[in-house]
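For reference, the structure discussed in these notes is given below.
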There are 2 protein chains.
Amino acid sequence: MTVIGRAGGSGETAPASQQGMRRKNLAAVTGAVAAHGPLSRADVAGHTGLTRPAVSSLVDELIGRGALTETAAPPSGRVGRPGRALALNDRGPAGLGLEIGVTHLAACIVDLRGEPRVWRRVERANAGRPAGQVLAEAAALGADAESEAAALGLRVEGRVLAVPGVVPNAPGGLVANAPNLGWQAVRPADHWPDPATVPEPENEANLGALAELRQQGDPAETFVHVSAEAGIGAALVIGGQLFRGARGFAGELGHLPVHPEGAPCPCGARGCLEQYAGEAAVLREAGLSGAGDPVTLLAERAAAGDAATLRALDRAGRALGLALASAVNLVDPDGLVLGGAYAELADRLLPPMRAELAARVTVRPWTPEAVRPSALGRRGPVLGAAWSTVQQIIADPTRLPVRPQR
Amino acid sequence: MTVIGRAGGSGETAPASQQGMRRKNLAAVTGAVAAHGPLSRADVAGHTGLTRPAVSSLVDELIGRGALTETAAPPSGRVGRPGRALALNDRGPAGLGLEIGVTHLAACIVDLRGEPRVWRRVERANAGRPAGQVLAEAAALGADAESEAAALGLRVEGRVLAVPGVVPNAPGGLVANAPNLGWQAVRPADHWPDPATVPEPENEANLGALAELRQQGDPAETFVHVSAEAGIGAALVIGGQLFRGARGFAGELGHLPVHPEGAPCPCGARGCLEQYAGEAAVLREAGLSGAGDPVTLLAERAAAGDAATLRALDRAGRALGLALASAVNLVDPDGLVLGGAYAELADRLLPPMRAELAARVTVRPWTPEAVRPSALGRRGPVLGAAWSTVQQIIADPTRLPVRPQR
DNA sequence: GTCTATTTGTAATGGCGAAAAACAAATTAG
DNA sequence: CTAATTTGTTTTTCGCCATTACAAATAGAC
């Protein structure tokens, strides 16, 4: 997880060394290949500003570490000796993403190119169950996915677990609070069957934002990713990097006060966004009580034209817009992304959101199109979890062990 | 101005070179001396992780560039050969800070140690005057300060102008909008008499935050600095670096909606914070109309126990607390700083602010003490403007020209 | 088919910067 | 006065990239 703004820790920073220079240049090569598709050594030199001999040396090392492979050269058609195409290895290092949701478990393995290669998803009512039991099942799902990945030649180099809860900025991977699961101070490492495969937990909204960032293209974008369903979380991505806050609590959008004297919230305050746009509040306002998946239920009723449902969604959209107006005025993002389960309700939620934002973001340029629905929807968090490992490897390939040459 | 989150610009980044390594290590040396006072070469080696020979070579270059000087060695009392003390040069490079306020102009020059050496301040009613006229007077004040600095052996290496307005993230130094001055799209460079001394404009709240950061001590702090008076701005400092937003509009706290259906605001929205905590709103609520400085007037009436004034300040404090609750839930800062002119009203404003924050920040640890008044008050912006140049030099001493050796 | 121009990748050499090792200088403790 | 200790510099070594030179592989011209 590459993150900005962590309280520096040691204070004294390591000096710039030749190894550090090498590390950065290795990363520049993997980064260029990741960003611009298959590239010859000369192309890489052009993109990075390094010389061809330097690139050759770096590429040798990266092939040795399993990060890159030489693929069949595409018929370029240009004059001169044809280059040998370099691509990210699709039969080497990989990332495992796991997800614990309120009603499901999921796993996903992506290769270095970022391509998902293995999928697993099972429905499970996880709310209120003992954390150890849920984690054991997640571990089993992950082990199952890893064995399938091994058959594809993939070697899992990192494991990240998406949870719908708060993960403080502290070593050791603690989930401080996951209200929708009923978790308090759960440390996945304490319940994981195999110490060798313990995943690092991370908030699902943050991981969804990472996935969106990757899908999106512009790697230096600044945006706010809203992950709305039972709880409403947001992730801040600043210049392409996740910002977790001083202690890891950034993005608690659900408890922004939207109507200061409004409905009381279990958190102790009044008029929090969750009281207007949270799943429970919307269902109540729509007069529905949920058998089955509440979001698809809402989508069906809205499509059928049910007045109470439409009213509830409009109110939720306006409340979201109001809260996000605060976010935009404070943070000045390039855009906003509506993710999580609510992405499926974007048809109904976006118009009131956009109207509210247009009315309240007036002291800076703003277009309604800056708010967009996520392209990944509910799969965002697992994908982000798997991708975060891949991203780390591309940003620092020296994490990979040098393979013993056969 | 060191800033995070700018849209990367070129996209392709320069490769890590040996010159880059050298630059980083030069900065590590100046940084260590700046942070830990006078240090011997061996001490610097200990702090940076560099070897003593490397430090010797770096120090030679830094002395040649005028960044460091060898001072009289303090009698250490320890066994062994005494070290020669290195300190930031107080007779060399310097930074000029200029400020255009609604009722004054100010200038300040600080040496590399960050010590203010020259002060200038004149009262001027700048609101509504032609920008060219105001800028010409500011330039004269700056030139006057620079000539005094020259007599002290100081060489101004950078100039920054604090303005109460929005400065977009764009080259060329444009002040897009400064409502309290009546400025629209003013480019200081177009009105500056001497092209050699054109300053870079920057928002005063951001500069105030920089000054606070420097004064504070922890160079990696994440905090929100509120600069409240006529307009209400905020600056976000993330991990010790200023965050200006995707386009430079971050921190528009004054237009956070605090009472969604409340009083209409000139910005077009309803219930913006400025309608409850802005200078004009507070004066109106207190039944005062301003001859003289409104903030000292408010302080006097509050000290005298005037009921309407106390009520107005309480309402303003609560509104500030409400808006900042959104900021805390979103950004998760270490703390909040009340700066600008309102720092002088902290006695009255802090209690309702803290109460509101305590009530609305419940899903993460929070203590009332995390809100503190600025130590610098109204001098923050000029100091920050002057310091920002010094900070840049310390972060990259190769900006300094190598002096011809005599 | 052969030759030339062009581009790619590698090999040889050089320079820069820090680490390592060795040493000279300046102090305190005995 | 000598030994121990710490500081700063000199010398050597090493790692990494740039430069230069060169071999390899293609398209186009004739």
Side-chain angles (χ1 to χ4, degrees), chain A residues 13-29 32-33 38-65 68-87 397-398 402, chain B residues 13-29 32-33 38-65 68-87 397-398 402:
Chain A
T13 137
S17 62
Q18 299 189 111
Q19 289 92 302
M21 179 168 76
R22 179 82 178 174
R23 192 159 45 233
K24 280 196 64 172
N25 285 336
L26 287 167
V29 173
V33 174
L39 251 43
S40 72
R41 288 166 176 75
D43 292 336
V44 172
H47 279 292
T48 57
L50 291 158
T51 59
R52 291 204 308 276
V55 171
S56 266
S57 155
L58 292 163
V59 164
D60 284 349
E61 177 169 347
L62 289 171
I63 290 177
R65 289 184 187 272
L68 298 183
T69 46
E70 277 193 342
T71 67
S76 67
R78 296 178 39 74
V79 77
R81 169 177 168 175
R84 272 147 43 189
L86 298 164
T398 60
V402 237
Chain B
T13 137
S17 62
Q18 299 188 107
Q19 289 90 302
M21 177 168 79
R22 180 83 177 172
R23 192 160 43 235
K24 280 197 65 172
N25 284 335
L26 287 166
V29 173
V33 173
L39 251 43
S40 72
R41 289 166 177 74
D43 292 336
V44 172
H47 280 291
T48 58
L50 291 158
T51 58
R52 291 203 310 275
V55 170
S56 267
S57 156
L58 293 162
V59 164
D60 285 349
E61 178 170 346
L62 289 170
I63 290 177
R65 288 183 187 271
L68 297 183
T69 47
E70 276 193 342
T71 67
S76 67
R78 296 177 40 74
V79 76
R81 169 175 168 177
R84 275 151 37 193
L86 298 165
T398 61
V402 240

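Letters A, B, ... are given to chains in the order of the sequence lines, protein chains preceding strands, and every chain is numbered from 1.
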- Query: Going by heavy atoms in the side chains, are R41(A) and R52(A) under 4.5 Å from each other?
  - Reply: no
Contacts of R23(A) meeting salt bridge (charged side-chain N to carboxylate O under 4.0 Å, His left out) (sequence neighbours excluded), chain-then-number -> none
Per-nt protein contacts along nucleotides 1-13 of chain D (heavy atom under 4.0 Å; B base, S backbone sugar-phosphate only, - none) come out as ----BBBBBB---
Here the pair of heavy atoms bringing S40(A) nearest to G83(A) is CB-CA, 3.9 Å
d(M21(B) CE, M21(A) CE) to nearest 0.5 Å is 5.0 Å
Hits for side chain to side chain contact (heavy atoms under 4.5 Å, CB included) against R78(A), two or more places apart or cross-chain, chain-then-number order -> S76(A)
Value for CG (D43(B)) from OG1 (T48(B)), rounded to nearest 0.5 Å, stands at 10.5 Å
In this structure, CG of N25(A) is separated from CG of L50(A) (nearest 0.5 Å) by 4.5 Å
One should read off an interatomic distance between L26(B) CG and L58(B) CG, to the nearest 0.5 angstrom, of 5.0 Å
For S57(A), the side chain to side chain donor-acceptor pair (under 3.5 Å) test, sequence neighbours excluded, returns R22(A)
Value for CG (L62(A)) from OG1 (T398(A)), rounded to nearest 0.5 Å, stands at 10.0 Å
Its 5'-most and 3'-most nucleotides having an atom under 4.0 Å from a non-hydrogen atom of chain A, DNA chain C is contacted over dT6(C) to dG17(C)
All N/O pairs under 3.5 Å across the protein-nucleotides 14-16 of chain D interface:
residue : atom : partner : partner atom : Å
dG15(D) : N2   : Q18(A)  : OE1          : 2.5
dG15(D) : N2   : Q18(B)  : OE1          : 2.9
dG15(D) : N3   : Q18(A)  : OE1          : 2.6
dG15(D) : N3   : Q18(A)  : NE2          : 3.4

